[in-house]
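All remarks here apply to the structure that follows.
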There are 2 protein chains.
Amino acid sequence: MVNKLARLSQALQENGYRLTAARQEILAALVGSEGHVSADELVGLVRQDAPGVGRMTVYRTLELLSELGLIRPVYQGTGAAHYILLDDGHHHHLVCSGCDRVIEFDECAVQEISRVISGHFNFEIHGHLLEFYGRCEACRGV
Amino acid sequence: MVNKLARLSQALQENGYRLTAARQEILAALVGSEGHVSADELVGLVRQDAPGVGRMTVYRTLELLSELGLIRPVYQGTGAAHYILLDDGHHHHLVCSGCDRVIEFDECAVQEISRVISGHFNFEIHGHLLEFYGRCEACRGV
DNA sequence: CTCTGTGCAAAGGATTTGCACTACG
DNA sequence: CGTAGTGCAAATCCTTTGCACAGAG
């Protein structure tokens, strides 16, 4: 987790962005939340430690991280966007259509596909998201 | 494409929903658009053929289709949600962080993973989305 | 010292209620 | 016929600008 924070900070600096106090707070809150928050929830988390941080700084930092490919906004259920951490380069979800629950899993066999696609489209791949949709055990009404 | 329309219509009816005139228009517009539209764009498309259809009927139908796992909202760039058709059960994207362009591809080797995950979590899988993020040829400044 | 980043308030969209009306089955 | 579905307008919520100030390099 400390590693994740360091990696995010470093990525910002390497791309010519300043590592300000506000950004450090935001990154810490993001990592601490395991990377599953809406922008608004994140504002709340950040303000627990740093009450002075503005809502828009959070929005702008999220946009910045998205552009760098470090996080990704997804829809989870309805309403506001949720952000997931991609700093390991990949992320995997199991999304239940019934209860909108999100389960994460680690099995990843996308490497080969990744290589093929990359060559095929001359596309430089930084990360990926794999989501399965269906019904979880509970919602199937076992 | 006619098949897709029929499959969507059938899915609605099988789940106890009525196949109204408005819904038929919406489904047709969705299939005709190749399944890459925002809610607002879809309202426009539907109204070309059926001017009387209300914005909210479109929203509600989209929500309904999402619950049934037939479509999925995703972020493409910023602003409004875009909906993609999952009626084949799967969908694959290549998203460029630079220009927000979305390229679709067909290579799919997720079947095995799907089976493993399904058994592992006792989760009934209906479809999936696989997205790769990175930089396209143009944005790498070849 | 300069330029990037920040915070506030207010604007701008997108999405969602509430409720009377229509039409599918 | 009864109930699910529809349409309108207004409300609500999320996100984005514009601009003066503060802080990093």
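Reminder, nothing fancy here: chain letters follow the sequence lines and each chain counts from 1.
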Are B:Tyr75 and A:Tyr75 close enough that their ring centers fall under 6.0 Å?
yes
Check whether the side chains of B:His92 and B:His128 place a donor and an acceptor atom closer than 3.5 Å, and report yes or no.
yes
The side chain of A:Met56 is closest to which nucleotide in this list: C:dG25, C:dC8, D:dG5?
C:dC8
Rounded distance [0.5 Å steps], CD in A:Gln24 versus CG in A:Asp49:
12.5 Å
Length of the line joining B:Leu62:CG and D:dG5:C1', which is rounded to integer Å:
15 Å
Nearest-angstrom distance from the residue atom CD of A:Glu14 to C1' of D:dG25
17 Å
Check step by step if side chain to side chain contact (heavy atoms under 4.5 Å, CB included) holds for A:Leu94 and A:Glu104.
CA-CA 6 Å; A:Leu94 220 47; A:Glu104 292 187 57; over 6 Å; no
Among residues 45-55 of chain B, which contact DNA chain D at a heavy-atom distance under 4.0 Å?
B:Gly52, B:Val53, B:Gly54
At 4.0 Å (heavy atoms only), tell me whether B:Ala81 reaches a base, stays on the sugar-phosphate, or touches nothing.
sugar-phosphate
Heavy atoms under 4.0 Å, any strand shown: does B:Arg23 hit a base, just sugar-phosphate, or nothing?
sugar-phosphate
Side chains of B:Leu62 and B:Leu42, heavy atoms from C-beta outward: is any pair under 4.5 Å?
yes
Between C:dG5 (P) and A:Gln24 (CD): distance, integer Å:
14 Å
Please determine if A:Arg72 and B:Glu131 form a salt bridge, counting it only when a charged side-chain N lies under 4.0 Å from a carboxylate O.
yes
Round to a whole Å and report the spacing from CG of B:Leu65 to P of D:dG5.
12 Å
Counting side-chain heavy atoms from C-beta on, which of D:dT15, C:dG7, C:dG25 comes nearest to A:Arg60?
C:dG7
Using a cut-off of less than 4.0 Å, is there contact between a side-chain N or O of A:Tyr59 and OP1 or OP2 of D:dT15?
yes
Just the rounded figure in Å: distance from P of C:dT6 to CD of A:Glu63.
13 Å
State whether A:Thr20 places a side-chain N or O below 4.0 Å from either non-bridging phosphate oxygen (OP1 or OP2) of C:dT4.
no
Would you mind reading off the distance between A:Glu41 atom CD and D:dT15 atom P, rounded to a whole angstrom?
11 Å
Taking only the side-chain nitrogens and oxygens of B:Thr57, find out if one of them lies under 4.0 Å from OP1 or OP2 of D:dG5.
no
Whole-Å distance between C:dG13 P and B:His82 NE2?
16 Å
What's the closest nucleotide to the B:Ala39 side chain, out of D:dG5, C:dT15, C:dG25?
C:dT15
Partner of B:Leu65 under side-chain contact (heavy atoms from CB on, under 4.5 Å), picked from B:Leu86, B:Leu30, B:Leu85, is B:Leu30
Please state how far atom CD in B:Gln13 lies from atom P in D:dA4, giving the value in whole angstrom units.
16 Å
Residue B:Arg18, side-chain heavy atoms: nucleotide from D:dT3, D:dG18, D:dT15 that is nearest
D:dT3
